[in-house]
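Computation of the quantities below employed the complete heavy-atom set of this structure, encompassing side-chain atoms and omitting hydrogens, waters and symmetry-equivalent molecules. Everything quoted here is computed from the prediction, not taken from an experiment.
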Amino acid sequence: MKLSAALSVTFLASASAFAPAPASPGGRCVAAGGSTSLRMMGGANQNPFGNAQSLQYTGGTDVNNKNYGKLADKLNEADIERRKIQEEAERRERAAEIRREERQAKIQYMMNMPDSQPAGTVDEFMFKEGVQDQLDKLDHDLVGLLAVKKRVKEIAALLVLDKMRRKLGFETSVPSLHMSFTGAPGTGKTTVAVRMGQILAKMGYSRRGHVVLATRDDLVGQYVGHTAPKTKEMVKKAMGGVLLVDEAYYLYNAANDRDYGQESIEILLNVMENNQDDLVVAVAGYKDRMDKFFSYIPGMMSRIGNHIDFPNYSADELVKIAEVMSRDLEYDIDDRAYGTFKRYIEERMKLPYFSNARTVRNAMDRARMNSAIRTFEKYAINGENGGYCTVADLKNIDAADFQILLDDILYADSTKRIFA
């Protein structure tokens with residue numbers, strides 16, 4: 001006997017199962033000759049197909065038994081699934097209705113809000129959120145660069161006013177915070193990136209505000225299948241903060257279409273578009289090379305909303321940077337020594353590989369070394385004052401310490417001209 005598929009139960013039996021079977025006591029009919037049996041419960045004159053509940057599967061040795069089940073169980077399961085789908089649809093409809101009501105209430109609230117209602121002061125938000133503190137640190141850390149500081153303050157102003165609008169209930173959207181820093185080495189790009197990360201964290205636009213510095217070596221692999229994991233790992237580290245890609249133009253090799261850097265760029269573009277509320281990507285490098293890079297990758301250019309150019313420092317600004325460094329290190333440098341240092345900087349700026357503030361830092365380190373050698377020879381080797389030096393000796397950097405640096409440059413320049 002083989003039941004219809006409409007009963008949701010299938011029985012397999014041998015051909016002899018369709019032969020007439022003797023009626024059993026109590027009106028039971030048993031399919032014989034097969035590996036599976038079906039009992040029809042009820043009286044002898046009762047139609048077994050008139051009531052689905054009268055069917056009872058008694059099991060068998062068929063290998064497909066695990067696919068069989070009681071009709072009542074199958075109907076019950078289908079009913080439960082149907083109720084779940086209906087309840088989920090009703091839940092979504094209720095949530096949508098709640099959102100519509102909240103939206104209407106907000107619109108009504110904004111329409112009834114008088115224009116003269118106080119919204120708080122900008123200074124209150126600047127100081128309360130710690131933004132002003134970060135801007136003050138930026139002024140302290142960076143000498144000059146007025147255009148850069150102005151641009152950073154403009155971005156901070158947008159974030160502060162946006163938060164004031166949110167507090168009153170105005171509609172807001174996360175502005176494009178991805179950035180491009182162009183300029184020579186040592187012009188403060190990393191310092192600005194750090195301060196921007198902290199400002200974003202203070203304003204609630206990033207969870208952590210940390211800065212992760214990456215280069216091509218950190219993002220691009222050496223073989224097929226290696227680039228994606230490396231890039232995603234760096235993105236994962238930077239989530240909640242700022243990913244600063246230094247010398248980003250090295251990611252793209254125009255001479256090689258199969259260069260693995262293209263894969264890294266595609267991942268970064270996808271992250272910049274889909275995760276802009278949790279990650280700020282900043283690309284940095286020389287301006288001319290960055291402009292060429294953007295011409296090759298227009299998608300990168302369109303995703304960056306803030307372009308900041310970092311000009312080279314002047315000689316006077318570099319001397320001021322040296323003054324800041326000396327104060328931080330608690331060294332005393334007189335005006336005569338700074339005059340010698342300025343002459344050194346002016347000569348050094350004419351040579352290749354000049355790196356602005358980094359060159360100043362290296363020069364200060366060498367001047368400290370010269371001061372230490374001079375003091376050591378004076379008291380340890382020559383034995384002046386019984387070998388006892390004063391606090392002033394330990395804090396002083398004089399003109400002679402910078403003169404050594406200047407002489408090295410002048411000698412190298414004269415030697416180059418002789419052999420030119």
Is the closest side-chain heavy-atom distance between [X] and [Y] below 4.5 Å?
X	Y	answer
R207	M239	yes
P311	L145	yes
L159	L177	yes
R366	N362	no
F293	I265	yes
I304	V281	no
I333	M364	yes
P185	Y353	no

Determine yes or no for a side-chain-to-main-chain donor-acceptor pair under 3.5 angstrom, with [X] supplying the side chain and [Y] the backbone.
X	Y	answer
N275	D278	no
R216	Y250	yes
T375	S371	yes
S302	G299	yes

Which value, rounded to the nearest 0.5 Å, describes the distance between [X] atom [atom1] and [Y] atom [atom2]?
X	Y	atom1	atom2	result
Y411	D408	OH	CG	10.0 Å
K395	L329	NZ	CG	12.0 Å
I297	L251	CD1	CG	9.0 Å
M179	K189	CE	NZ	15.0 Å
N385	D393	CG	CG	8.5 Å
E347	L405	CD	CG	12.5 Å

Side-chain donor-acceptor pair under 3.5 Å between [X] and [Y], yes or no?
X	Y	answer
T182	D309	yes
R83	Q86	no
S264	T227	no
Q403	D407	yes
T390	Y379	no

Lys/Arg N to Asp/Glu carboxylate O, [X] vs [Y], below 4.0 Å:
X	Y	result
D139	K149	yes
E317	K320	no
K137	D133	yes
E273	R303	yes
R368	D401	no
R361	D365	no
E87	K84	no
R151	E154	yes

Would one find more than 12 heavy atoms of other residues, nucleotides or ligands at under 6.0 Å from atom [atom1] of [X]?
X	atom1	result
N382	CG	yes
E330	CD	no
R343	CZ	no
Q222	CD	no

Steps toward side chain to side chain contact (heavy atoms under 4.5 Å, CB included) verdict (R374, I397): CA-CA 10 Å; R374 174 174 50 79; I397 296 178; 5.8 Å; no

Answer yes if the ring centres of F402 and F341 are under 6.0 angstrom apart, and no otherwise.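 When the ring centroids of F402 and F341 are compared, they turn out to be within the sub-6.0 Å range.
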
After noting the C-alpha distance and the side-chain angles of V242 and V194, does the key distance pass the side chain to side chain contact (heavy atoms under 4.5 Å, CB included) rule? CA-CA 8 Å; V242 178; V194 170; over 6 Å; no

Verdict with reasoning, H210 to K237, per side chain to side chain contact (heavy atoms under 4.5 Å, CB included): CA-CA 10 Å; H210 66 300; K237 290 181 180 178; 5.7 Å; no

Could you report the tightest heavy-atom contact between [X] and [Y], atom names first, then the distance?
X	Y	value
A357	I321	CB-CD1, 4.2 Å
V220	K230	O-NZ, 3.4 Å
R336	A399	NH1-CB, 3.3 Å
M234	L243	O-CD1, 4.3 Å
L279	H178	O-CE1, 3.3 Å
G186	Y313	O-CE1, 3.6 Å

When you look at E97 and R100, which way does the salt bridge (charged side-chain N to carboxylate O under 4.0 Å, His left out) test go after all the steps? CA-CA 5 Å; E97 182 64 27; R100 286 193 293 269; 2.5 Å; yes

Here's a test for you: under side-chain contact (heavy atoms from CB on, under 4.5 Å), which of D246, V245, V283, L244 qualifies with F181?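 Checked D246, V245, V283, L244 against F181; only one passes side-chain contact (heavy atoms from CB on, under 4.5 Å): L244.
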
Y260 and T231: CA distance, side-chain angles, deciding distance, side chain to side chain donor-acceptor pair (under 3.5 Å) verdict: CA-CA 11 Å; Y260 299 137; T231 302; over 6 Å; no

Before you tell me yes or no, could you show the steps for R348 and T359 under side chain to side chain contact (heavy atoms under 4.5 Å, CB included), namely the whole-Å CA-CA distance, both residues' side-chain angles and the distance that decides it to 0.1 Å? CA-CA 9 Å; R348 181 64 183 85; T359 298; 3.7 Å; yes

Test R82 against E88 for salt bridge (charged side-chain N to carboxylate O under 4.0 Å, His left out), laying out the working first. CA-CA 10 Å; R82 185 172 56 255; E88 179 63 22; over 6 Å; no

